[in-house]
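The analysis underlying the following values was restricted to heavy atoms, covering all of them including side chains, and did not include hydrogens, waters or symmetry mates. The sequence lines fix the lettering, A, B, ..., with proteins before strands; numbering per chain opens at 1.
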Amino acid sequence: MSSPVRVRFAPSPTGYLHIGGARTALFNWLFARHYGGTFVLRVEDTDQSRNTEEAAAAIYEGLRWLELQWDEGPHVGGDFGPYFQSQRNDIYERHLKKLQNADHIFEDKGALRFRSPREHVIVDDLVAGKIDFDLSNEQTHPDMTIRRPDGSWIFHFVNVVDDMEMKISHVIRGEDHLSNTPKHIELYRALGAEPPQFAHIPLILNRDGSKMSKRDQGASVDYYIKRGYLPEAVRNYLCLLGWSPKDNREKIDIDDIVRIFDLNNLVRSHATFDPDKLHWLNGEYAHELSDSEFYDRAVATLRSAGINIDNYSTEYVRAALQTCKGKINTFDELPAYCGFYFTDDLSYNPDGVAKHFTPENKSRLEAVRDALGQIDNFTANEIETIMKATAAKLGVKVGAIVHPSRLAVTGSNAGPSLYHLLEVLGKKKVLTRIDRALSTF
RNA sequence: GGCGCGUUCGUCUAGUGGUUAGGACACAGCCCUCUCAAGGCUGGUGCACGGGUUCGACUCCCGUACGCGCUGCCA
C-alpha cells in the first residue's frame, strides 16, 4: 500500500447504532489497526437535524462500548475536520464551484444535478471483484441530484467530497452502496481526484432473510448493552459474520484478529444474525471472567433489575454470586437465577410443585429438615455428607431429596449447586423455608 | 421492469478440479452429576436446479430459479 491507510465510519446520527453499522465500523477499525492506519469517525448529518449531538451520542456510546476508538473525529479532533457534515458547507460550496466551472452541473427545478459522462465505469472492489457498470443510458441511470433547492446537500456528493478531502484510502461500507459506487467514481473523476479503493461488505440479515432494521429486536447495539452482554463477545461474534480465521477458531482474541484480518478474505454472501451463537459465545467469555469482574457486573445487573441487595452484607452477596459464576451465559439471566437469595417471598414453580411436592416427599423433606437442623458447621461439605446420609437412611437416591429441597428453598427446579446455596443462605433461613414449603403440602 | 451482487448442513463458515465435504452454534442421544449449566462422547441433516468444459466437478463456463441491493431532491 503506497499511501497511508485512512478509513472511516460515516454513520448518520439516527439515535442508535445499528448492529450492521457496528460491524462496518469494526471492519474499518480492524483494517486500520492491521495496517497501522487511521480510523476516522465522520457524522453525516446533512439533513441538518437539530439534535445531532444527542442522536450521535448513541453511536459514540456503541463504538466506545465495543472499544472501537476512533483516531479522528468528534471529541478527538484531527487535521481534517470538522467531522460533522453540517459544519462543512464552505468545503462543499468550493467543490461545487469547481464542478460548475467545468460544466458538470445543471439546474433542474431549483435542484442541482451532476451531468454523467455516460460511460462504462469499472468498479474494482476488494471484496466483490471487478464489476462493469454501463451508465451510458440516461433512462436507466439518470443524472444524480447533488443539492436540493433549499441548499441542503445530497449524500452522494458530500460523501465523495469528504472522503476526498479527508484523504480516505479505503472505503469499507455496506454492500447496499455497491450500486452507487460507479456514480461516486464519476464524481471523483470530475473533481480531478483518484477514487479510493472500495470494499463492499455483505449485509447482515434477520433469521427470516430480511434486512435487519431498527424495529427488529437485537438490531441495535444498545440492546446488548442493556442486557449485560460482554462487549468482547459481541465484537468477537461480529467478526465472525462475513469473516473467518479459517482455522476453525470461534473465540478469538481481538489482537489475533487484528493481526490476521484483511479485506481480501471476506465472505461475499450475506450473513444471517444468529442470536443463539452470540449467546453461546457470550457464555464463553462470561465463564472466564475473574471473580471480581463477575461480581462487579453481577451487582450492577441486580441493581438495575431492582433487586435489593443492599440489605445484605457484602460477604453474603459475594458468596451468593460466586455460586452463579460459570452458570449463566448472559447477565440478564442472573436476576431470575439468583433472586431467591435476596427475598423470602418465594413462589414455587408450578411444574416443580406437581413433580416434587408430593405426599411421599413430605416425609422426606421433613427428614431433610431434621437432618440439616442437626448440623452445627453449616458448610457445603457437611451439608453434602448429611444429605447423602439422609438419602441412604430413607433408601432413596440423593436426587430424590435434592429436588424437593431445592424447590422448597429456591422456588425453582434449576439453580446453583444445592449444597453451596444452602451454605450461603445459612441454616436459619434454610430451615424456615423448608418449614414454609412443608406447610403448603 | 432495468442494472448489480449472491446461493456449501436450520444458522455462521472451511473448502479454489480428485476430500469419507471439515469446524462451530442449534438440535437429539449417551456419559458425568445434587438440579440447571459446563465438560466429554456419539448422531442426523448440506454443495439451489439444468446444461456444458473435463478422465474427473462443490470448485470453471452458460442458463434458470430464488434471495438481497440499487434504480430518491434518504443515508
If pairing requires Watson-Crick or G-U wobble contacts with both distances under 3.5 Å, which nucleotide is the partner of [N]?
N	answer
B:A65	B:U7
B:A14	none
B:U59	none
B:U53	none
B:U19	none
B:C27	B:G43

| message | Tell me whether the count of non-hydrogen atoms from other residues, nucleotides or ligands lying under 6.0 Å of NZ in A:K251 goes above 12. | response |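 Atom NZ in A:K251 is packed in, count exceeds 12.
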| message | Can you confirm whether A:Q100 is buried at CD, in the sense that more than 12 heavy atoms of other residues, nucleotides or ligands lie under 6.0 Å from that atom? | response |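 Yes, enclosed.
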Which nucleotide sits closest to the side chain of [X]: [options]?
X	options	result
A:P142	B:A75, B:G4, B:G72	B:G72
A:W280	B:C34, B:G69, B:C25	B:C25
A:D276	B:C25, B:C34, B:A14	B:C25
A:V398	B:G69, B:C34, B:A75	B:C34

Which whole-number value in Å describes the distance from [X] [atom1] to [N] [atom2]?
X	N	atom1	atom2	answer
A:H270	B:C5	NE2	C1'	7 Å
A:F133	B:G2	CZ	P	17 Å
A:I252	B:A14	CD1	P	12 Å
A:E333	B:A38	CD	P	11 Å

| task | Return the orientation label for the A:H184 and A:F155 ring planes: parallel under 30°, perpendicular over 60°, tilted otherwise. | result |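 Rings of A:H184 and A:F155: perpendicular, as their planes differ by over 60°.
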| message | Tell me whether the rings of A:Y316 and A:Y341 are parallel (<30°), tilted (30 to 60°) or perpendicular (>60°). | response |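 A:Y316 vs A:Y341 ring planes: perpendicular.
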For [X], answer base if it contacts any base atom (sugar-phosphate contacts may also be present), sugar-phosphate if it contacts only those atoms, and nothing otherwise; contact means non-hydrogen atoms under 4.0 Å.
X	answer
A:P202	nothing
A:G415	base
A:H156	base
A:H279	nothing
A:D108	base
A:V123	nothing
A:I154	sugar-phosphate
A:G110	nothing
A:Y337	base
A:K388	sugar-phosphate
A:P11	nothing
A:A111	base

Under 4.0 Å between a side-chain N or O of [X] and OP1 or OP2 of [N]?
X	N	result
A:R249	B:U13	no
A:T46	B:A75	yes
A:K327	B:A38	no
A:T272	B:C12	yes
A:K246	B:G15	yes

| field | Integer angstrom distance from the C1' of B:U54 to that of B:C60 | value |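 Per the computed distance, 10 Å lies between those C1' atoms.
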| task | For nucleotides B:U13 and B:G6, find the distance between their C1' atoms and express it as a whole number of Å. | result |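 One C1' to the other, the span is 16 Å.
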Do [X] and [N] have a side chain to base donor-acceptor pair shorter than 3.5 Å?
X	N	answer
A:K183	B:U71	no
A:T145	B:G72	no
A:S417	B:C34	yes

| message | Check whether A:F198 forms a cation-pi arrangement with A:R173 (NZ or CZ under 6.0 Å from the six-membered ring centre, at most 45° off the ring normal). | response |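 Cation-pi check for A:R173 and A:F198: fails.
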| query | Any ion pair linking A:D125 and A:K130 (charged N to carboxylate O, less than 4.0 Å)? | reply |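 No, this pair does not count.
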| said: Under a 3.5 Å distance rule, please check whether A:S12 uses its side chain to pair with a backbone N or O of A:T14 as donor and acceptor. | reply: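 Not at all, since once roles are kept as given, no pair shorter than 3.5 Å links the two residues.
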| request: Output yes when a side-chain donor or acceptor of A:E333 lies under 3.5 Å from a complementary backbone atom of A:N329, and no otherwise. | output: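 Between the backbone of A:N329 and the side chain of A:E333 there is a qualifying donor-acceptor contact (under 3.5 Å).
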| query | Which sits closer to the 5' end of RNA chain B, A:Y419 or A:R268, going by the nucleotide each is nearest to? | reply |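 In this pair, the answer is A:R268.
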| task | Please figure out whether A:K277 or A:H141 has its closest RNA chain B nucleotide nearer the 5' end. | result |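 The answer here is A:H141.
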